[in-house]
Undergrad: 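Dropping the structure in here first, questions after.
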Amino acid sequence: MLTLDYRLDPAEAARAKGVDIAAADATALRYRLFPGDIVLRGEGADFSTRWGWVQVLDFALSLQAVVQELERDGQARFEFTESNAALLFRLEQDEVAISSTYAPGRLRVPFPEFREHVRRFAQRVTGDLTPSAPPA
Amino acid sequence: MLASLLWALALPVLAQVPNYDSLSDKDGNITARQRGRELIALAQKAGAEAIYADASKGNPRAGRVFQALEADHFPGHGRELADLVRRAPCPQGAILLREQSGWCVPDWAFLDSLGKDRPGGARLRKALFDGYAERARQRGLDGQLVLSAMNALLGFEVTVARPPGPHAELTPNGLQHIIDRHWPTSGAKGAGKFAAGTTGESLRVLIDEAVAKGKSRPNTQGRPGQIFEYDFGRKIGVDLFGAPTSKLRVVVSPAQEVVTAFPY
């Protein structure tokens, strides 16, 4: 069972409440606003971060791009914004194998299940962080 | 003569004994009545650098005092000072000076005894700058004011002439972001850090060289801008695991501004 979740940095979350999201540009949305940590774990591995600076909205958007890349190329790589840590995704038959450059282990998830997790996660994140945004 | 020599030799040692009682109770809670500039002066007199050194060694009283100074009093005074910034004419009797720009800005000389090049001093100066920059941005003040405060407080020279060819602008926001995440003194986990001794000027030189000579590729996952990566062939910092590295990654926005830069 895959767990995909996030935690915002409390201080940054409080600060973000005063930010006009509608006026923020793409760089701010993906590099500056909503830092925190992501939870990504399942049987065999835990790739959750404990760094406090992972851009949660960026992660949600990036996972959607990962799904598209998997469908197109059979593999994808997610690079974190502030380090060379990365998550590696590979489509193997009908499963997605997920590994990382910063933690041991490997997750295997049926691709349809992974795609559904990503869709719900992106919907939740965009709904939580950008209340006026349309569902992803 | 001998007494003078012994006294001179003893001075550095004496200077390393902080006067905690002038600032705090025995648990490290700040008890001094002074606030703002007066408290900062008191902290310098009490031996802020030595307090930091004690805190680094695990002294709980020192740790609490330094934390209060860094997290509360210094940024708080920075915000107060940013509130005083205004266009000339400057108020009489205030602590402000008039720059050529016509702005009334703080005279940072009151921090002179807090060394930019020493770890405790650098952290407290940054704490004050953070408060100042935060309030200045909230007020929508000119970015040049923040840049000039950064120069004065943190010792960054940011007016270096650039070589011809591709380059990316290191803005105050970009520099602040890098300081927060990737400076040697940053507490951010899981991120590359620049080597101790890196300055704003040397960072700019690294970025310029990486952008001019490095390999570039489009940013990933739909993020805007470009990524430049360059191997300097000498240590410039540590990677996310703390291992020495010679490689720099620079992310540049479509507006040719540095979004972030870090050793990897």
Side-chain angles (χ1 to χ4, degrees), chain A residues 9 11-12 14-15 18-20 23-33 35-38 47-55 57-70 73 75-89 100-104 118 122 136, chain B residues 71 75 130 134-135 137-138 140 168-169 171 173-174 176-183 186-194 217-227 229 231 237-243 245-264:
Chain A
D9 177 271
E12 295 290 347
R15 191 179 302 173
V19 174
D20 181 3
D25 64 16
T27 298
L29 287 172
R30 308 215 44 172
Y31 280 90
R32 300 282 189 260
L33 304 173
D37 278 301
I38 54 106
F47 301 130
S48 306
T49 62
R50 294 162 188 84
W51 305 326
W53 51 256
V54 177
Q55 297 297 318
L57 183 60
D58 169 77
F59 183 70
L61 296 173
S62 294
L63 282 187
Q64 291 186 307
V66 162
V67 167
Q68 292 173 1
E69 283 183 44
L70 284 172
D73 304 328
Q75 60 183 8
R77 177 184 175 95
F78 168 80
E79 294 178 342
F80 287 88
T81 56
E82 303 295 335
S83 80
N84 59 322
L87 287 165
L88 313 171
F89 301 84
S100 85
T101 61
Y102 59 92
V118 168
Chain B
D130 285 347
E134 176 193 347
R135 188 74 189 105
R137 289 186 190 114
Q138 285 171 353
E169 187 75 21
T171 65
N173 276 346
Q176 184 65 53
H177 177 87
I178 294 166
I179 290 171
D180 288 342
R181 299 277 190 271
H182 306 294
W183 220 237
S186 164
K189 298 173 187 170
K193 301 285 194 305
F194 287 96
R217 58 186 168 104
N219 206 344
T220 57
Q221 310 300 345
R223 295 168 184 150
Q226 277 187 299
I227 294 173
E229 293 173 330
D231 189 341
V238 295
D239 66 14
L240 79 161
F241 300 114
T245 183
S246 57
K247 296 177 184 171
L248 178 68
R249 180 179 294 175
V250 184
V251 180
V252 179
S253 76
Q256 296 301 113
E257 292 178 348
V258 176
V259 178
T260 187
F262 52 85
Y264 75 99

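Reckoned from all heavy atoms, side chains included, excluding hydrogens, waters and symmetry mates. Each chain gets a letter, A, B and so on, in the order the sequences are listed, and its residues count up from 1.
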Undergrad: Identify, with sequence neighbours excluded, every residue that meets side chain to side chain contact (heavy atoms under 4.5 Å, CB included) alongside B:Q226.
TA: B:S216, B:F228
Undergrad: For chain B, find which of A:T49, A:T27, A:L63, A:L29 contributes the most heavy-atom pairs closer than 4.5 angstrom.
TA: A:T27
Undergrad: Do A:R77 and B:T220 have side chains that get closer than 4.5 Å, going by heavy atoms?
TA: no
Undergrad: Could you check if a side-chain atom of A:R30 sits within less than 4.5 angstrom of a side-chain atom of B:N219, using non-hydrogen atoms only?
TA: no
Undergrad: Can you measure from OG1 (A:T81) to CZ (B:R181) and round to the nearest 0.5 angstrom?
TA: 7.5 Å
Undergrad: Quick check on B:K247: does its NZ atom have over 12 non-hydrogen neighbours (other residues, nucleotides or ligands) under 6.0 Å away?
TA: no
Undergrad: So for A:V54, is it side chain, backbone, both, or neither that comes closer than 4.5 Å to the heavy atoms of chain B?
TA: neither
Undergrad: Taking all heavy atoms of B:A191 and all of A:W53, pick out the closest pair and write down the distance.
TA: CB-NE1, 3.9 Å
Undergrad: Which heavy-atom pair separates B:V258 from A:R32 by the least distance, and what is that distance?
TA: O-NH2, 4.2 Å
Undergrad: Contact between A:R50 and B:K189 at the side-chain level, heavy atoms closer than 4.5 Å - yes or no?
TA: no
Undergrad: Chain B heavy atoms under 4.5 Å from A:E69: which part of the residue, side chain, backbone, both or neither?
TA: side chain
Undergrad: Select one option (side chain, backbone, both, neither) describing which atoms of B:P254 are under 4.5 Å from chain A's heavy atoms.
TA: side chain
Undergrad: Side chains of A:Q55 and B:R223, heavy atoms from C-beta outward: is any pair under 4.5 Å?
TA: no
Undergrad: Please name the pair of heavy atoms, one in A:Y102 and one in B:F241, separated by the smallest distance, quoted to 0.1 Å.
TA: CA-CZ, 3.8 Å
Undergrad: Could you tell me whether the side chain of B:Q221 reaches within less than 4.5 Å of the side chain of A:L61, counting heavy atoms only?
TA: no
Undergrad: How long is the straight-line distance from OG of A:S83 back to NE2 of B:H182, given to the nearest 0.5 Å?
TA: 8.0 Å
Undergrad: Side chain, backbone, both or neither: which part of B:I178 has a heavy atom under 4.5 Å from chain A?
TA: neither
Undergrad: Where on B:V259 is there a heavy atom nearer than 4.5 Å to chain A: the side chain, the backbone, both, or neither?
TA: both
Undergrad: Given heavy-atom pairs under 4.5 angstrom as the criterion, report whether the side chain, backbone, both or neither of A:D25 touches chain B.
TA: neither
